[in-house]
Participant: 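Before I ask anything, let me first share the structure, which is written out below as structure tokens.
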Amino acid sequence: MTAESAPPAPPDEKEPALSKELATPGHVALEMKQSSKGIRAFLPWPKKAPKGMESEAEIAKTADTLVPVSFLSLFRYSTRFEIMLDLCGVIFAVAAGASQPLMTLIFGRLTQDFVTFGLAENEYYQSLQSADANVVEQAQAALDAAASGFRHSAGLDASYLVYIGIAMFVSTYLYMYTWVYTSEVNGKRIREKYLQAILRQEIAYFDDVGAGEVATRIQSDTSLVQLGISEKVTLAVTFVSAFFVGFILAFARSWRLALALSSILPCIMVVAGTMKQFVSKYTQLSLKHVAEAGSLAEEVISTIRTAQAFGTQKVLSGIYDKNIDVTRIVDTKASIWNGAGLGCLFFVIYAAYALAFDFGTTLINEGQVNAGQVVNVFMSILIGSFSLALLAPELQAITRACGAAAKIFATIERVPDIDSENPGGLKPAKMSQFSKASTSPSPAGKTTALVGASGSGKSTIVSLTERFYDPLGGSVMLDGTDLRELNIKWLRSQIGLVSQEPVLFATTIRGNVAHGLIGTPYEDASDEEKFRLIKAACIKSNADSFVSLLPQGYDTMVGERGFLLSGGQKQRIAIARAIVSDPRILLLDEATSALDTRSEGIVQDALDKAAAGRTTITIAHRLSTIKDADCILVMGEGLVLERGTHAELLADENGAYFRLVTAQTLREGHEALDAVISSDEKDLEKPRSEDLDIKSTTRSIRSDVVSQLKDKGGDQAPVETYGLFYLMGRIAGLYREGLYRYLIGSFFAICNGAAYPASGIIYGQAISGFSATTNSERRYQGDRNALWFFILAILYGLCIGFQNYFFASSAAVLTAKLRSMSFKAILRQDIEYFDDDKNSTGALTSRLGDNPQKINGLAGVTLGTIVQSITTILAGLAVGLAYAWKLALVGMACLPVLVSTGFIRLQVVVLKDQKNKLAHENSAQIACEAAAAIRTVASLTREEHCLNLYRQSLEEPIRKSIRTALWSNMLFALSQAMGFWVIALVFWYGAALVSRLEISTQSFFIALMSTVFGAMQAGNVFAFVPDVSLAKGSADAVIRLLDSTPVIDAESTEGKSVLSETIKGRIQLENIHFNYPTRPGFRVLRGLSLTVEPGTYVALASESSFSVQLLERFYDPLSGQISLDGEIIDEFNVQAYRQQFSLVSQEPTLYAGTIHFNILLGASKPESEVTQKEIEAACRDANILDFIQSLPDGFNTEVGGKGSQLSGGQKQRIAIARALLRNPKVLLLDEATSALDSNSEKVVQEALDKAAKGRTTIAIAHRLSTIQNADRIHFIKEGRVSESGTHDELLALRGDYYEFVQLQALSKK
């Protein structure tokens, strides 16, 4: 048969086409055109960019940073109705903003009423000095008239304040509610559109965008966008409105004074700008180092077993501390700028008071203005300027939203090259059969296998068939039709895919298998019909036997990513899912490589059943799984090297297939063995105990375990949280050396707190000074009060500067110390701690970054502000009671109302965002799961299904949010209006007291400023409540972490010391029972006993590495004992004991740093004592020395994060060198070659054989070819040793080991 190619290539294109097509109904063909370049040539993934391309890459990178979208385009997905609501909201926000400056207008008029009455009062007192009774009588009459006029006008003005308060209430409620509502609806719409867009992208898109990024974007970035179109916008509008109205009003009332006072604006801007520039520079630097420390912590925590096995905790925490130390220095510098900036800022504001009263007096004397206008202008300018300062955080939310939206909107509008949502394309009614680009026909409905080294392009073929990618040249054909012309969803619903790591979704077994029916005629079938198909598929895939034994059967939840099932169980459910819709094509991509031999046998059996009668393409590393295929293609470098059946290919002893087989073949026993699995095949279908969770065991052990668990449970019962003061005391105890700095800071904070009531006293004197009867008296009073204000400004500026510096710098040191101590405490925990889901690497790393930062949120500037606010309230009350006790009592009665406004604002405005984010966390989980398993979602055409689940999960948060918004915004509006009403009440009552001469004007203003305005100031302290509650939670977590001592404490100095010279390395395990602490119902070892003689190479053929974990003392057994040279290992000091062992595990762990640094971590003596010669000897033994010396930088080559710059085999050999550097008495090899392909495996295996000479070595392996030369092999089955002996002895027994060998046997004699 001839293969159709792409259109003829132009002469300069030498690449041959790669085509896939359907042959005639008689056979399915698999072909690959011979080509100098392999498949890689056709795929859009360059292996390494040539030099010339680097600059292009840089250009692309800069192009990738998207320009933030404009503010208005944030609303591009809003409906007309929502935009109308938003516009109404903006109008109300302008009104609400204007009411603040309008209040100053009334405040000014009220002040003028007091001053006018004060003048009448002063004239009355002067007339008392004359002896003329008539004059006194006239003055008395004038005073009475003035008093009643004063009461009337004060009452009228106070009522205006009440009306403004009502207007404020209504407008605030309306603008808050409309914008909260529209932002919620819009936020939901953007989240849905984003996930929909993500799920339709082609797979190549996800090669750059990880699932984590999708989760972050759908969780954090959409929240940012939602904030940018929420009430933050209208709050910003109120501030802008207050600014403009304030300044317009001020200039309208007295342009001269307004112009003079406007001079504070440029001062504020220059100071704030300079401060922001320096502080943000240092903050960025600090964050950069925290992030570096965080990535180191993540590397170390994710490989904690290696760190503990080599005892490198001290070295690694030393490196961590270096990064943290830099942040401490940088944060201290930032606190200097912060203190200086705030000091200057407040100096400018208080100096403005001085200017207002000084220049105001001049203008009054000239008759240009009256006292009320002075107060009005001054307060309008202050409110206007402050509004501008408060605008910054709201604007920041909007600019952040514009930045976040750029990426999200770009994704939403991105149309992928391979668009799964495109409804176009052919959907052939009948499909005959399938062929892949090929020249060698093989009969229809048969199995074709692809084998080859990793990187030879096997999995690429699967991706091209599923149309995850399109080839760059040539074409892929199905029934003579190019795949690009077919409808994508239709094509994928014809194919069943089972991949190496099966992805199950967090639902029931029934739900998971049912996903295979999406996009097929059965999608909308009745539940009974669906279940019939599901059950049939599970029977075919050998899954029904274990599912039926589960308590909930098919309704058993499989957990996130299916973690509640074993590998073999997951794989069989994935196979059921692939075949439930009876697809015409089955793709098996290394479907059994991650399993141990027993599960592999069961799954392979299921695959053989599933492949019957349909076109199947199989890829395998393990050749034993494909020897029955109808046609085997051997691939290399993207080309087909050989093809034929297993027997045909073995006939050519120089062929690539023969070489691959030899590399994987076990040395067989002295007798010729038939490699076909025969008698043991029937065994496979017996329900194995691997499928049952709880296994029968002797009573006594079971009861031991139960009692142990009960003890444990007892400790953990109710974890009471520590009180705030206890926690503050504990943390202060950790930072004794810095407490004196906190005391100095507190002294300055108390001074600052007293400054507000002090300014109230000066203010009262200044207002009463305006009532002076003569100009000269007024001038004298004005100058004196202005001088007092100026002195206060200097003192206040200094105090606030020092307060901020001392608190911020102390907190910086404290944070660094807590980070360092937390990291050490985490590394000290035993392995059981890390097995707990709550302590996953991600969770621990983020806690390590967040908790100290949150404590800093309270221990820093916030603590100073709290001390300051408490002082303000207490001092204010004291001053108020001293000057006008009746009025002060009224002020006190209103205190709770005023202070609570801050609290309400916090609950409604600040905490709403946090609650919102939490509510969306569950829905983000759905999005993350879909993105992480995008290939599975795409191959099952599950996009629409995922989107619907996500839609439903968003319903509840939005309903809750809109319901809460109804009443919470009413409270917020009430709290905003409350201030107006309290001021109106105090003025009205104060006017009555002053008119009856019970108190003076001066006393009234002192009481007003120190109690009412003091309380308003202090109410702002609630802005810090979230800091306090977050800090309390974090402090609790930190203290608990520092207090916890693990059972197996690597840092403990107790226990016998171990003398390396005397240790021979004889290991004995006696009657060991063990289960993993996180899975108490699942017994791993049940009575394991074995002895390892010194200097022997012993292999454990088993399915898990628990014995290594017990020997390294990561866990202690439930019962039984382990001894080294006859001494029980529990009695040894943990660190000293572990120094006798070296571990080489399945996944080699290297840290970011040089090769030299990584190898040195294995040393058991101090770094300075290790010679270069010793390092080179260890590398020579590990077969890696020549490679290292061939590198340009030799031992100083950086290996990248987690060793990412090296291949698997190179990493593994460096890990072996590290293990050999300490010249261990016992070498533990845990599946050391299982993750490597055949070629690397050979090199690493040689290195291991060298390393094992002359020392006790214990190896664990699934692949028996790696342990057949061992001195003794212990075959472990059902948690105990079932057979022991050499390879040949065990084969002769024809027992379990023999069966195991047969399962892995490849070549036939």
Side-chain angles (χ1 to χ4, degrees), residues 100-124 142-164 246 249-258 261 353 356-383 760 762-775 777-779 781-782 785 887 980 983-997 999-1009 1012-1013:
Q100 282 269 337
L102 285 177
M103 186 270 283
T104 65
L105 179 66
I106 309 295
F107 195 87
R109 286 178 54 169
L110 280 163
T111 307
Q112 187 53 43
D113 292 341
F114 276 89
V115 172
T116 313
F117 177 72
L119 271 169
E121 194 185 352
N122 283 351
E123 279 166 3
Y124 168 68
L143 182 65
D144 293 345
S148 72
F150 171 43
R151 277 196 295 274
H152 172 71
S153 63
L156 194 65
D157 284 338
S159 67
Y160 291 152
L161 266 185
V162 174
Y163 304 143
I164 292 180
L249 185 67
F251 276 91
R253 296 284 282 164
S254 162
W255 66 266
R256 289 182 177 81
L257 185 57
L261 286 178
Y353 275 81
F357 285 106
D358 188 70
F359 189 51
T361 307
T362 308
L363 292 177
I364 292 175
N365 283 351
E366 288 174 6
Q368 307 266 8
V369 293
N370 62 22
Q373 281 168 302
V374 171
V375 170
N376 184 185
V377 170
F378 171 59
M379 290 185 77
S380 286
I381 296 266
L382 263 193
I383 282 181
I762 304 172
Y763 185 86
Q765 287 182 339
I767 297 288
S768 72
F770 286 148
S771 307
T773 43
T774 64
N775 281 0
E777 172 67 9
R778 202 178 289 129
R779 175 79 273 167
Q781 293 274 6
N785 290 320
L887 200 61
F980 292 80
I983 292 171
L985 169 71
V986 172
F987 262 114
W988 171 79
Y989 179 60
L993 290 178
V994 172
S995 69
R996 293 202 295 273
L997 301 186
I999 57 171
S1000 66
T1001 302
Q1002 179 178 345
S1003 302
F1004 166 77
F1005 276 103
I1006 291 174
L1008 172 77
M1009 295 306 278
V1012 178
F1013 283 86

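One-based numbering along the sequence shown. For clarity, every value in this text was computed on a predicted model and none was experimentally measured.
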Participant: Look up atom CZ in Phe770 and atom CZ in Phe357, then write down how far apart they are to the nearest 0.5 Å.
Facilitator: 5.5 Å
Participant: Kindly give the heavy-atom pair with the smallest separation between Ala154 and Ala991, and that separation in Å.
Facilitator: CB-CB, 3.5 Å
Participant: Please examine the side chains of Val369 and Leu257, heavy atoms only from C-beta on, and report whether any two atoms are closer than 4.5 Å.
Facilitator: no
Participant: Please tell me if the side chains of Leu887 and Phe1004 come closer than 4.5 Å, counting only heavy atoms from C-beta onward.
Facilitator: yes
Participant: Let me confirm one number: the OG-CD1 distance from Ser768 to Ile1006, rounded to the nearest 0.5 Å.
Facilitator: 7.5 Å
Participant: Are Tyr763 and Val375 close enough that some pair of their side-chain heavy atoms sits under 4.5 Å apart?
Facilitator: yes
Participant: I'd like to know if the side chain of Thr362 reaches the main chain of Asp358, judged simply by a donor and an acceptor atom lying under 3.5 Å from each other, with no hydrogens or angles considered.
Facilitator: yes
Participant: Is any side-chain heavy atom of Ile106 closer than 4.5 Å to one of Leu110?
Facilitator: yes
Participant: Distance from Ile762 atom CD1 to Met1009 atom CE, nearest 0.5 Å?
Facilitator: 11.0 Å
Participant: Is there a side-chain contact between Met103 and Tyr160 in this structure, where contact means two heavy atoms from C-beta onward sitting under 4.5 Å apart?
Facilitator: no
Participant: CD of Gln765 to OG of Ser1000: how many Å apart, nearest 0.5 Å?
Facilitator: 10.0 Å
Participant: Go through it in stages, so that I can follow the logic: the residues are Trp988 and Val162, the test is side chain to side chain contact (heavy atoms under 4.5 Å, CB included), and I'd like the CA-CA distance, side-chain angles, deciding distance and then a yes or no.
Facilitator: CA-CA 11 Å; Trp988 171 79; Val162 174; over 6 Å; no
Participant: If every non-hydrogen atom of Ser380 is compared with every non-hydrogen atom of Leu249, which pair is closest and at what distance?
Facilitator: OG-CD2, 3.5 Å
Participant: Is it the case that the side chain of Arg151 and the backbone of Ala992 share a donor-acceptor pair, with hydrogens and angles ignored and the cut-off at 3.5 Å?
Facilitator: no
Participant: Once you round to the nearest 0.5 Å, how far does CG of Leu105 lie from CD1 of Ile164?
Facilitator: 7.5 Å
Participant: Applying the side-chain hydrogen bond (donor to acceptor under 3.5 Å, both in side chains) test to Asn376, which of Asn370, Thr111, Thr104 qualifies?
Facilitator: Thr104
Participant: Keeping the roles fixed (side chain from Gln368, backbone from Leu363), state whether a donor-acceptor pair exists under 3.5 Å.
Facilitator: no
Participant: Locate the shortest heavy-atom distance separating Ala356 from Phe378; write the atom from each residue and the value.
Facilitator: CB-CD1, 3.5 Å
Participant: Give every donor-acceptor pair under 3.5 Å between a side-chain atom in residues 114-124 and any protein atom, sequence neighbours left out.
Facilitator:
{"unit_1": "Thr116", "atom_1": "OG1", "unit_2": "Gln112", "atom_2": "O", "d": "2.6"}
{"unit_1": "Thr116", "atom_1": "OG1", "unit_2": "Gln112", "atom_2": "NE2", "d": "3.3"}
{"unit_1": "Asn122", "atom_1": "ND2", "unit_2": "Ser771", "atom_2": "O", "d": "2.9"}
{"unit_1": "Tyr124", "atom_1": "OH", "unit_2": "Gln140", "atom_2": "OE1", "d": "2.9"}

Participant: Can you name the side-chain contact (heavy atoms from CB on, under 4.5 Å) partners of Gln781, sequence neighbours left out?
Facilitator: Glu777, Arg784, Asn785
Participant: Regarding Arg779 and Thr774, do their side chains bring together a donor and an acceptor under 3.5 Å, going by distance alone?
Facilitator: no
Participant: Measuring from Ile767:CD1 to Phe1005:CZ, what's the distance to the nearest 0.5 Å?
Facilitator: 5.0 Å
